[in-house]
Protein chains: 2
Amino acid sequence: MHVDVCSVVCIHPEKVDRARTRMVSEGTAERLAELFKVLADPTRVRILSALQHGELCVCDLAAAISASQSAVSHQLRLLRVARLVKVRREGKMAFYSLDDDHVRHLFREGLEHVAEE
Amino acid sequence: MHVDVCSVVCIHPEKVDRARTRMVSEGTAERLAELFKVLADPTRVRILSALQHGELCVCDLAAAISASQSAVSHQLRLLRVARLVKVRREGKMAFYSLDDDHVRHLFREGLEHVAEE
DNA sequence: TCCTCATATGACCACATGTTCATGTGATAT
DNA sequence: ATATCACATGAACATGTGGTCATATGAGGA
């Protein structure tokens with residue numbers, strides 16, 4: 001990151017100022033990027049997709065998406081800390097489900113964009 | 001990627017099957033992840049944020065988000081191929097704007113999730 | 001034509017990320 | 001107690017990514 005404005009000339013200062021005041025804060029941008037980063041992996045997308053219609057235990061998830069248990073566990077951790085999924089423990093099993101409808105919305109919005117092309 | 005199902009025991013086959021049939025295809029998951037990947041960077045988030053209320057030229061964008069022209073150009077390229085922004089050329093200037101309302105929706109959905117915590 | 005300006009892009013480098021392998025943890029059964 | 005099962009996690013490694021620097025491109029002006 002470096003404050004390096006293109007010389008002097010080409011700028012429309014009023015446009016820039018208007019944009020700056022309306023922009024999200026740096027912290028918000030950071031957290032927003034962090035959220036999308038969690039959604040930005042095929043394995044995690046498939047996990048979320050598999051959970052769209054109800055909870056699954058880790059082992060079932062691994063089977064559903066044809067990935068190793070370890071890989072799934074690692075990814076579930078990321079999804080958990082981002083509050084995209086939640087856990088329900090029952091004995092030695094762990095049942096995962098989508099955390100809220102919000103996740104579903106984001107997912108569907110994304111799907112629509114992908115479907116467009 | 002390795003088909004490695006946890007031994008035999010813990011699976012609920014009917015749940016797994018139901019999930020599998022309802023899941024998005026591998027290709028769709030890939031493209032969905034690709035879309036979110038483009039949104040998964042603070043610089044690109046700030047660019048999209050700056051464009052929420054109208055087009056800006058590259059130089060103005062760089063000024064608005066305090067990044068170098070080169071960095072902004074590189075990121076704009078990614079946003080372009082993902083069809084999140086579009087260009088309007090006018091002489092030697094290039095004015096960028098959000099490609100459609102879809103991008104705005106995705107952005108806002110993300111913001112709401114971030115705002116929750 | 002030659003120079004300058006706005007933008008685009010290629011090479012390179014430091015850093016982040018996803019998987020596997022090995023091992024840890026806590027619950028249940030024998 | 002101890003063995004086993006489902007799940008979690010740490011280390012290590014290969015690959016991907018975002019920035020800078022240098023340079024290319026293409027439009028306008030002198």
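Fair warning: this is a prediction, and the values are worked out from it, not measured in the lab. Below, read A as the first sequence line, B as the second, and so on, with proteins coming before strands; counting in each chain starts at 1.
Backbone-only contact: Tyr96(A) has heavy atoms under 4.0 Å from sugar-phosphate atoms and none from a base.
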Does the pair Ser70(A) and Ser73(A) meet the rule for a side-chain hydrogen bond (donor to acceptor under 3.5 Å, both in side chains), with working shown? CA-CA 5 Å; Ser70(A) 179; Ser73(A) 257; over 6 Å; no

Val24(A) vs Phe107(B), side chain to side chain contact (heavy atoms under 4.5 Å, CB included): CA-CA, chis, key distance, verdict: CA-CA 11 Å; Val24(A) 301; Phe107(B) 196 87; 4.3 Å; yes

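For the residue pair Ser66(A)/Arg20(B), the side-chain donor-acceptor check at 3.5 Å is satisfied.
As rounded to whole Å, 14 Å separates atom P of dT9(D) from atom CG of Leu79(A). When the C1' atom of dC5(D) is taken as reference, atom CG of Asp60(A) falls 14 Å away, rounded to whole Å. Per the geometry, NE2 belonging to His74(B) stands 9 Å off P belonging to dG10(C), to the nearest Å. One atom, CZ of Phe95(A), and another, C1' of dA27(C), lie 14 Å apart when rounded to the nearest Å. Remark: P of dA6(D) and CG of Leu61(A) are 15 Å apart, rounded to the nearest angstrom.
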Sugar-phosphate atoms are those with a prime plus P, OP1 and OP2; base atoms are the rest. Using that split, label each nucleotide of nucleotides 22-30 of chain D B, S or - for protein heavy atoms under 4.0 Å, 5' to 3'. B----SS--

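Residue His113(A) comes nearest to His102(B) through the heavy atom pair N-CE1, 3.0 Å, listed as atom of the first residue, atom of the second, then distance.
With sequence neighbours left out, Arg88(B) forms a side chain to side chain donor-acceptor pair (under 3.5 Å) with Glu55(B), Glu90(B).
Between Lys86(A) and Tyr96(A), every side-chain heavy-atom pair lies at or beyond the 4.5 Å cut-off.
The main-chain N or O of Ala94(A) is never found under 3.5 Å from a side-chain atom of Arg89(A) such that the two would form a donor-acceptor pair.
Below 30°, between 30° and 60°, or above 60°: for Phe36(A) and Phe36(B) the angle between ring planes is below 30°, a parallel geometry.
Phosphate proximity of dA8(D) to Arg77(A): absent, as no side-chain N or O sits under 4.0 Å from OP1 or OP2.
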Could you list, one pair per line, each protein nitrogen or oxygen that sits under 3.5 Å from a nitrogen or oxygen of nucleotides 12-18 of chain C, together with the distance?
| residue | atom | partner | partner atom | Å |
| --- | --- | --- | --- | --- |
| dG18(C) | OP1 | Arg44(A) | NH1 | 3.1 |
| dG18(C) | OP1 | Arg44(A) | NH2 | 2.7 |
| dG18(C) | OP2 | Arg44(A) | NH1 | 3.3 |

